Structure formats: structure tokens, C-alpha cells
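To start, the structure under review is shown below, and the notes come after it.
Only this structure's heavy atoms are used, side chains among them; waters, hydrogens and symmetry mates stay out. Quick note on labels: first sequence line is chain A, next is B, and so on, each numbered from 1. Source: prediction; values computed, not measured.
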Amino acid sequence: MGELEAIGVGGLVVLFGLLALRMPVGLAMVAVGIGGNYALSLVAPYLRFEPYLAQYKTLLWGTAANYDLSVVPLFVLMGYLASEANLSRDLFQGVNAIMGRLRGGVAMAAVGACAGFGAVCGSSLATASTMGRVALPELRRLEYAPRLATGSLAAGGVLGILIPPSVALVIYAIIVEASIIDMFQAAILPGILAVGLFMAVIALTVKLRPQTAPPAVAMPPDERRRALVRLVPVLVIFTSLILGLGMGLFTPTPAAAVGVFAVLAYGLFLRLFGEGLTGAGIVAALKQSAVTTGMIYFILFGSEVLKGFFTRAGLPAALSTWAGATGLDPWTMLVVMLAILIVLGCFMDSLSMILVVVPFLWPALVVINGGDHAVAETAAFGMSTADLKIWFGILALVVVELGLITPPVGLNVFIISALATDVPMRETFRGVMPFFGVEIGRVALLLLFPALTLWLPRLLSG
Amino acid sequence: MNRTLTSAAGALAGLAIAATAQAQEVTLTVHHFLSPKSPAHTELILPWAEQLREDSNGRIDVKVFPSMSLGGKPPELYRQARDGTADIVWTLIGYTPGVFPRTEVFELPNVHQGDAKATNLAIQDNFDKIAADYDEIKPLLVHVHAGNALHMRETKVTSPADVRGLKLRTPSRTGAWMIEAWGAEPVGMPVPALPQALSKGTVDGALIPFEIVPPLKIHELTEYSIVGAGGDRFGTSVFLFGMNRKRYESLPADLQRVIDENSGRGLARRMGEVWNRVEQPGRDLQRQSGGEVVELTPAQTEAFSERGAQVTERWIEQAEEGHRRRGPGRGGQGLDREALGLQPGARRPRGPPDPADVAPMHRLLHRVAAAWAIAGGALLLAIVAVTMTNVGAFALDRVARLFGAHVAGLPGYEDFVRLCVSAAVLMLLPWCQARRGHVAVDIFADTLMPARVQRSLDLLWQLLMAALALFLAWQMAHGMVETRADGALSRVLGWPLWPFYLPGIASLVLWAAVCLVDLRRREAAHG
């Protein structure tokens with residue numbers, strides 16, 4: 001390892017140190033990036049420091065003026081508008097009208113609605129908090145066991161990251177230069193698989209311990225009809241978005257813009273019935289999305305600065321050379337990488353993790369697989385680099401999100417616990433455990449059967 | 001005897017190594033945006049670097065950084081060379097529209113005729129006429145690729161009428177004009193995004209040279225590649241291989257000479273030959289994959305040339321107008337940073353603040369930040385409005401086509417989105433700060449550190465955040481002044497870029513102000 005790489009590794013250590021001291025993630029990235037470049041310039045005079053600083057004249061603007069990323073603020077805005085327009089409630093009650101007749105059906109409806117809302121929202125935390133607010137009172141009113149109620153909601157929130165369109169998928173796609181649409185298509189089956197598995201967990205829990213859920217009560221017929229009618233427009237908006245993206249009718253940015261318009265228009269239409277979006281609601285949605293979008297872009301900027309440091313230090317190149325030379329079993333390496341992501345996911349939020357860690361892991365993985373132009377027949381993982389991009393992305397996002405429901409920091413669990421003040425956090429963590437178990441099973445399935453992720457994009461792209 | 005000889009040879013070799021190590025006085029960095037497998041890297045930059053090492057007897061070492069590995073995005077390369085982030089860059093002048101107003105002439109359809117060598121030499125012959133574009137950089141080589149062919153998904157094109165109403169990817173600003181002159185709709189996108197756009201049908205075709213057909217697998221996505229009669233092309237793109245001027249001037253005279261000998265006419269000729277040659281694999285692939293390379297007849301070519309002439313007209317008009325507006329020199333004289341009133345950093349607190357004084361200031365700033373964020377949100381809604389207009393136009397167009405009419409959407413959609421988002425997103429940052437929306441890792445600090453330490457750390461981070469925001473505002477103000485002086489324009493719409501820096505600069509100042517007021521408030525609250 002040369003001096004430059006050593007500085008790079010040092011920078012990585014300092015970065016985690018600063019994060020542990022609760023420095024805001026974006027700021028820590030910028031600090032390490034600038035400080036690291038200064039250190040590099042001391043060792044390698046040709047990497048001069050003052051001209052390096054001149055990059056900042058345009059770096060921030062350049063990060064913001066990115067067409068591919070423009071889909072992010074729009075999706076964020078759409079999610080908050082949908083939430084302000086109470087579409088989340090319509091969704092839950094509609095699904096409940098269908099599934100509520102089963103024992104444990106309301107909890108299943110909550111999971112289903114989480115998946116549906118994940119489609120407009122793109123963030124796990126927002127999905128958990130929105131659906132938690134809608135579904136938790138209902139679950140408690142019907143006297144579901146607290147553990148089952150909070151557990152299914154915390155776990156259901158995880159679906160937000162995978163069900164397209166998802167902000168994390170967009171950002172992963174941009175980092176590894178994959179097609180955003182391919183990523184969306186690849187996420188559909190694993191997402192559906194997760195919904196199915198979660199519902200199975202609920203069914204099994206209820207079967208084994210009938211006291212956890214009350215016997216199903218049929219909804220009054222007119223209430224049921226009303227709920228089903230209100231479900232239709234929501235489903236039309238959400239599914240046309242997913243299908244439009246999936247079939248390539250839209251590219252991501254126009255799709256997101258049309259989505260914002262559809263939610264806005266439907267929300268304003270509901271005003272005719274005294275519901276939907278008010279002026280104050282729109283302002284609230286704008287302000288909330290400002291906070292989320294600002295947070296995302298600051299981290300993106302930070303990662304841009306950090307990348308400028310790590311690439312100059314030659315770290316990703318060194319890591320991939322090393323990975324190519326170790327001769328370890330490729331599958332072992334992959335599992336180790338996923339394990340690293342799970343462990344880090346326990347402490348960091350998913351976006352910063354994707355931005356910090358994936359740029360290191362991805363080039364190494366490409367080398368392990370057999371280089372940029374690997375063909376399926378000779379590659380270590382039996383797939384071309386283009387396919388590997390998609391498959392690894394889905395795997396990485398799934399395990400990153402596992403961090404949201406694992407102690408000690410499971411953010412989704414925190415959010416749901418904050419909503420259910422009478423349920424101790426430990427109970428919620430226990431309630432989540434069965435879901436955690438099937439999630440590990442799902443990762444194994446996705447690992448063993450890459451077709452689960454790759455089949456749909458292949459089918460749709462022809 | 002033998003032993004002595006060997007050891008003598010060894011000593012000599014050692015001396016030689018020491019001499020080389022000593023002799024290496026200058027390390028030049030070269031930065032570019034293509035992969036290490038691209039012809040630009042293997043055929044231009046590496047041989048050039050080797051030649052420099054050889055001609056200087058190892059006194060110059062060259063380190064090449066491909067694929068933007070020194071950081072930044074391709075459009076920033078020119079600036080990086082000018083500022084010295086990299087000593088030398090290889091870039092496209094089309095990445096910075098408006099910055100090379102004179103050189104652009106060589107991209108025009110009827111100027112470039114499909115032979116890279118000929119155009120390269122024409123550039124050399126006329127260099128004094130375009131030299132004013134390069135007064136801030138030392139140009140080593142200004143050259144072109146062999147020219148744009150039109151690659152179509154499924155439409156065989158023999159006349160401009162065949163592309164009417166279709167969406168075509170443009171390589172440059174003037175390329176967009178040409179596409180408009182044909183009656184088609186130009187779409188701007190970076191080359192790496194092209195395969196996806198072609199496979200999804202978001203564009204119907206693209207103007208690109210053959211050399212990038214193989215790496216992007218364009219032959220698998222298109223059925224027809226169209227070139228003019230006798231290999232004529234639809235314009236080309238100009239590349240700049242340029243060096244930081246100060247860096248060049250700081251070199252001793254003999255090393256400057258080495259660089260001079262490795263630039264200019266001889267290099268231009270060689271590179272013209274290289275670029276003509278690297279075309280062939282792309283052409284072959286299109287044929288082998290069942291596609292067709294269509295060579296237009298002279299009469300058909302003429303129809304395109306006539307439309308191309310409109311582009312030349314338009315270019316001349318704009319050039320004259322720019323000349324009037326900016327005066328004969330480069331634009332932006334008389335504009336200095338102080339005159340813009342952008343002097344952030346004058347907001348240092350003095351003495352311990354009184355909580356009562358801070359509160360109204362705090363409230364006011366938060367309110368301003370909220371209003372500013374909502375304004376940013378309104379810009380996002382403007383994107384929504386423009387999208388809906390285009391979707392509407394698209395739908396109307398499908399109907400109108402039944403009657404042979406054509407309804408055009410608003411042009412330059414991506415440009416518009418990019419510019420709107422650049423302003424909108426930065427406007428959201430102060431409010432994000434006010435709501436403490438920036439994520440941090442809480443777990444270790446919460447559990448392991450006493451409350452006092454936590455509080456001091458948080459104050460420190462907040463102070464640093466303010467410092468960063470001010471630093472960025474300051475840098476961005478410089479960036480804006482330079483962007484204005486450069487006359488940089490957006491790719492398709494041709495809007496000047498510098499006004500889009502203003503909301504960002506204001507946002508950063510506001511961001512810092514929010515940080516500092518929060519800081520003073522908390523300081524006051526804790527005594």
C-alpha cells in the first residue's frame with residue numbers, strides 16, 4: 001500500500017470517527033474530503049491543494065444541476081402531497097376492505113398498504129411514519145396484540161425502499177451507472193415476494209397464537225363499498241406510475257412530474273367533497289419535502305467531495321486490485337460485503353451508507369466477477385457485469401434496509417414506538433423479529449436465484 | 001575480471017537510475033472523461049505522454065487520470081485546467097457552450113465535411129482567428145472527430161422529411177439547431193444515457209460518431225446509420241487538449257519547447273488520421289448486426305445541406321449579436337466581485353448575546369427560510385407544469401398526425417429541468433438547517449458521552465456548518481462571475497447559466513445565517 005492509499009484509509013477511519021461524534025453526515029464527508037486532499041497534496045506535490053479548492057466554485061451548483069437526480073425532489077414531493085391528501089388512509093382502508101375478513105387481516109392490510117404507499121413515497125422512514133399514523137389506531141382499536149401491531153408496521157415500512165420508485169434505487173443507479181428503469185423493474189418481484197412473506201408471517205403468527213388477533217369482523221357493507229371506491233383512484237395513480245415506468249412509457253423525471261400533478265389534481269378534486277388537499281396542506285408538503293430533499297442533496301454533495309478525495313488517493317482502484325488478487329471464493333466475498341452492509345446499517349441511514357460504501361464495494365465486485373466486460377459464461381457469478389449491477393443493487397438495498405429494524409438503532413422501530421407510546425420499544429423489537437427472520441430468508445433466496453431480480457427487466461427490455 | 005565488469009555495469013546502471021530519478025523535475029497531470037480503453041486515451045494521450053518523457057530525457061513525468069478520476073464532472077474539465085486542478089485536460093468544447101464561441105464554427109454541418117484530418121488542418125490554418133477563445137489556457141491541440149452520423153432506431157432516413165417530428169439526441173448546441181432545421185425535436189443528453197433512451201424509445205435516433213458505436217452497443221439498438229454522399233457528415237464535435245497557462249509558463253524554456261514540439265500541426269495531422277481510422281469498427285458492427293449503413297445520394301445530401309445552411313446563418317447571426325453585446329474582447333469586462341455586493345462573511349457575533357435580542361432575529365430568519373423553501377418548491381411545481389404541457393402536446397401531436405399536422409412541445413425540456421432544479425434544490429437547504437434536517441449518527445454520542453460534551457460538539461458542528469456554507473457561497477460567487485465572463489450557456493435552450501447561481505448563493509448565505517442565529521440562541525439559552 002502506497003502513501004496515498006494509506007492517507008485514503010486514514011480518511012475513512014477519521015470519517016467514521018467524526019460520524020460517531022454526531023457530526024452531520026454531509027458535513028463530515030466534506031470535512032474529510034477537504035482535509036484529505038490537503039494531506040494528499042503534502043505527500044504528492046503534483047496533486048496541488050489550492051487549485052483543488054477552485055473546484056468548489058462550481059461543484060455545489062453542478063451537483064444540484066443534474067437532470068438524472070431531478071427525479072428525487074419530485075418523488076419526495078409526491079410522497080408528502082399524497083400523505084397530506086390522506087391518500088395513505090384511503091389506501092389502507094381500501095386494502096382493509098379486501099383483506100379484513102381474514103383473521104389477522106387488518107395487520108396484513110397494513111403491510112399491503114405500506115407496500116402501496118412505498119410506491120409513491122420512496123423512503124422507508126416516511127412510509128413507516130405515514131402508515132403508522134393511519135393503521136396503528138385501527139389495529140389498537142381492534143385489540144391486536146401490541147407486538148404484532150407495531151412489528152408489522154415497522155417491518156412494512158421497510159418495503160418503501162424497494163417498491164419502485166425509490167430514491168435509494170435512483171441514487172444507487174446513478175453511482176454505478178445503471179439504468180434507473182432497469183433497477184425499478186428489477187425491484188418489483190423482490191418487493192412482491194417481501195409482501196407475500198410478511199403476510200405469511202402474520203398468518204402464521206395468528207394461527208399459532210390466536211390470542212394475538214381478534215376474530216375478523218365484517219365491515220358494514222356501505223362502509224366497505226365506500227372504501228373500495230376510494231381505493232380505485234389511488235390504485236390507478238400508483239399502478240400507472242409503476243407500469244408507465246416499467247414499460248418505458250415514461251422516463252423517470254417526467255413520470256415523477258406527472259405523478260406530482262396527478263396527486264395534486266386528485267387532492268384538489270377531493271376538496272369538492274370537503275376533503276383532500278388544502279392550501280395549508282400543500283404548503284406543509286412543500287416544507288416537509290424541503291427538509292428531506294435538502295438532507296439528501298447535502299449528503300450527495302458530501303459524497304461528491306469525498307469521492308474526489310478517495311479517487312485521488314487511489315483507494316477504489318487499490319481495493320479492486322486487492323480483491324482480484326486475494327483469490328478468495330467470490331461468493332464468500334459477496335456474503336462478507338453484504339454482512340458489512342448489515343452491520344453498518346445498524347448505525348447509519350441507508351442513503352449515506354449507499355453513498356459511502358457502494359463506491360468501494362462495486363469496483364471490487366466487478367473485478368471479482370471478471371472485469372468490466374465479463375460475459376455470463378465465464379463470470380464468477382455467472383452473469384454479465386450489467387446484470388451484476390442490478391442484482392447486487394437489489395441485494396444491497398435489501399440488506400441496508402434490514403438495518404432499519406435491527407437493534408440498536410432500528411429507525412423504523414423508533415418511529416413506530418414514538419407513535420405507540422404505550423408499547424415498550426423492546427416489545428416492538430420482539431414483534432419485528434419474525435419479520436427479520438423472513439428477511440434473511442429473502443436475502444438468501446435473492447442470492448440463490450438471481451432470476452428473481454433479473455427476469456423482469458430482461459422480459460420488459462426485450 | 002568478469003566479476004569486476006558486472007559490478008561496474010551494476011554501478012553504472014545504478015547511477016543511471018539515480019540520474020533519471022534526479023532529472024525528473026516536473027510531474028504533469030492529465031485529466032479526461034473517457035475510459036482507459038478509449039482511443040483518446042490509448043491513441044492520443046498515452047503516446048503523447050510517452051513522447052514527452054522521451055523528448056525531455058525523463059525530466060517531465062506525466063500522470064494520466066482517465067474517467068474523471070481526479071474528481072468533478074466532464075463539463076468542469078475546462079475550468080479545472082484553467083484553475084490548475086489538473087495541469088492538462090482533454091475535453092469537448094460542447095461541454096461548455098458559449099465559452100468557445102469562435103471555435104464552434106468548426107462543428108457546423110457544412111464546415112466539417114467528414115474528414116477529421118482535413119478539419120484538423122483547417123483549424124491549424126485558421127488558428128489566429130479563433131485564438132481569442134484560448135486566452136486563458138494553453139491549447140496543445142484543438143481537433144475534431146470524423147463527424148456525426150445519424151443513427152436511427154427503426155426509421156430509414158433519406159430526406160429531412162423522414163425525421164419530421166421525431167426526437168433526436170443532439171451532440172451540441174449547433175447540433176440542436178440542425179435538428180430543428182430538419183423539423184425534428186432535439187433532445188440533449190450525455191452520451192452514456194443514450195443506450196437506455198434508444199432502447200426505451202425516448203429518442204428515435206441520435207447524432208454521434210461511429211467511434212462510440214462499439215462501446216455503447218449502439219448497433220444493437222439501431223437499424224440504420226446514415227451518412228452523406230462521399231462520407232459527408234452532419235457536423236462534428238471539437239475537442240480541446242489544453243494546459244494550464246501558468247503551469248506552462250512556469251516551466252524552464254527548454255521544457256516549454258518540448259511541449260511546443262509536441263503540439264500543433266504535426267499532432268493535429270496524426271490525430272486526424274487516428275480519428276478517421278477508429279471509425280471503421282463501428283461501421284462494420286452496424287453491418288454485421290444486421291443493420292444498414294445508408295450512404296445518401298448527392299441529391300439527397302444536398303437536401304440536408306440546404307437545411308444545414310440555415311444553421312450556419314443562425315450561427316453567424318448569433319455570433320454577430322454576441323459580438324455587439326459583449327464588445328470585441330471576451331465578455332464580462334468591468335464586472336468585479338465587490339460590485340456584485342456578494343460579500344458574505346460579515347456576520348460575526350460580538351460579545352455574549354442576549355436571548356431576548358436573539359429570539360426575534362431567530363424567528364424572522366426561520367420565517368424567511370421557510371418562505372425561501374416554499375419558493376424553491378414552487379420552482380419544482382414549475383417543472384411539473386412544463387412536463388404537463390409537453391405531455392399534452394405529445395398527446396395532441398398523436399391526434400394531429402392523423403391529419404398530417406404536427407404539434408410541438410416546449411423545446412429543451414432537460415435543460416429547463418436541470419436549471420430549475422439547480423436553483424430549487426439549493427433554496428431548500430436553509431429550511432432544512434432550520435428544521436435540523438441534516439442526518440447524523442446519534443447512537444454513540446447519545447449513549448457514550450456526557451450531555452455537556454454532546455452540547456459543545458453540536459455547537460462546534462453548527463459553527464463548522466456555517467463556515468462551510470459561507471465558504472461555498474464565496475466560491476460560488478467567484479464561480480458565477482467566471483461563468484458570466486465565460487458567457488457559458490445551457491446546452492439546448494442557450495440560456496446564460498450565471499443567473500442560476502444567484503439563488504444558490506443567496507441560499508448559502510441564508511443557510512449560514514440560520515446556523516449562526518441558532519448557535520447564538522442556544523449559547524444564550526445555556527448561559
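- For the pair B:Trp431 (side chain) and A:Gln288 (backbone), a donor-acceptor distance under 3.5 Å is absent.
- Only the side chain of A:Val30 comes within contact range of chain B, with heavy atoms under 4.5 Å apart.
- Of the possible donor and acceptor atoms, one in the side chain of B:Thr389 sits under 3.5 Å from a partner among the backbone N and O of B:Ala385.
- Only the side chain of A:Leu77 comes within contact range of chain B, with at least one heavy atom under 4.5 Å from a heavy atom of that chain.
- The pair A:Lys57-B:Asp83 meets the salt-bridge criterion, with a side-chain N (NZ, NE, NH1 or NH2) lying under 4.0 Å from an Asp/Glu carboxylate O.
- With a 4.5 Å cut-off on non-hydrogen atoms, B:Met476 touches chain A through its backbone and its side chain both.
- Heavy atoms closer than 4.5 Å to chain A are found nowhere in B:Trp372, neither backbone nor side chain.
- Donor-acceptor pairing under 3.5 Å is lacking for the side chains of B:Thr29 and B:Arg247.
- Of the listed residues (A:Val258, A:Ile34, A:Leu18, A:Leu21), the greatest number of heavy-atom pairs within a distance under 4.5 Å of chain B belongs to A:Leu21.
- Judged by distance alone, the side chains of A:Trp61 and B:Ser422 do bring a donor and an acceptor atom under 3.5 Å apart.
- Interface remark: A:Lys307 contributes no atoms to any contact with chain B (heavy atom separation under 4.5 Å).
- The closest donor-acceptor contact from the side chain of B:Thr85 to the backbone of A:Pro51 lies under 3.5 Å.
- With a 4.5 angstrom heavy-atom cutoff, B:Leu380 touches chain A via backbone and side-chain atoms both.
- Using modelled atom types, no side-chain atom of B:Thr96 and backbone atom of B:Val99 make a donor-acceptor pair closer than 3.5 Å.
- Under 3.5 Å, the side chains of B:Tyr413 and B:Thr387 contain a donor-acceptor pair of N or O atoms.
- For chain A, the nearby parts of B:Leu464 are the backbone and the side chain; heavy atoms of each come within less than 4.5 Å.
- When each of B:Gln462, B:Met449, B:Gln454, B:Gln80 is scored by its heavy-atom pairs under 4.5 Å with chain A, the top score falls to B:Gln454.
- Proximity to chain A is absent for every atom of B:Met68, based on heavy atoms less than 4.5 angstrom apart.
- Comparing B:Pro195, B:Cys432, B:Gly437, B:Ala423 by how many heavy-atom pairs each has under 4.5 Å with chain A, the most go to B:Cys432.
- Between B:Arg491 and B:Asp415, none of the side-chain N atoms (NZ, or NE/NH1/NH2) sits under 4.0 Å from a carboxylate O, so this pair counts as no salt bridge.
- Looking only at distances, a side-chain donor or acceptor of B:His31 sits under 3.5 Å from a matching main-chain atom of B:Leu70.
- With a 4.5 angstrom heavy-atom cutoff, A:Tyr297 touches chain B only via side-chain atoms.
- Heavy atoms closer than 4.5 Å to chain B are found in the side chain of A:Leu74, but not in its backbone.
- Using a 4.5 Å cut-off between heavy atoms, B:Phe500 contacts chain A through both its backbone and its side chain.
- With a 4.5 angstrom heavy-atom cutoff, B:Glu76 touches chain A only via side-chain atoms.
- Options A:Pro316, A:Pro254, A:Gly308, A:Pro73 differ in how many heavy-atom pairs under 4.5 Å they form with chain B, and the most are formed by A:Pro254.
- For A:Ile296, no part lies near chain B; criterion is any non-hydrogen pair under 4.5 Å.
- Side-chain contact, A:Thr311 with B:Ser69: no donor N or O sits under 3.5 Å from an acceptor N or O.
- A:Arg312 touches chain B through backbone and side chain together, each having a heavy atom under 4.5 Å away.
- A pairwise comparison of heavy atoms in B:Val89 and B:Ala81 identifies CG2-CB, 3.6 Å as the closest pair.
- Of the two parts of B:Asn244, neither the backbone nor the side chain holds a non-hydrogen atom closer than 4.5 Å to a non-hydrogen atom of chain A.
- Residue contact with chain B, scored on non-hydrogen atoms closer than 4.5 Å, involves the backbone and the side chain of A:Leu53 alike.
- Between the side chains of A:Tyr46 and A:Ser41, no donor N or O sits under 3.5 Å from an acceptor N or O.
- Using a 4.5 Å cut-off between heavy atoms, B:Leu28 makes no contact with chain A at all.
- Residue B:Arg435 places its CZ atom among 12 or fewer non-hydrogen atoms of other residues, nucleotides or ligands, all under 6.0 Å distant.
- Here A:Ala257 is the residue among A:Gly259, A:Ala257, A:Pro45, A:Gly62 with the most heavy-atom pairs under 4.5 Å with chain B.
- Your options are A:Phe49, A:Phe261, A:Tyr52, and the one with the most heavy-atom pairs under 4.5 Å with chain B is A:Phe261.
- Proximity to chain B (any heavy atom under 4.5 Å) is restricted, for A:Phe301, to the side chain, taken from C-beta onward.
- Of all the listed residues (B:Leu508, B:Val453, B:Leu426, B:Ile383), the one sharing the greatest number of non-hydrogen pairs under 4.5 Å with chain A is B:Leu426.
- If you measure heavy-atom distances from B:Leu457 to chain A, the contacts under 4.5 Å come from the side chain alone.
- With salt bridges taken as basic N to acidic carboxylate O contacts below 4.0 Å, one links B:Arg82 and B:Glu482.
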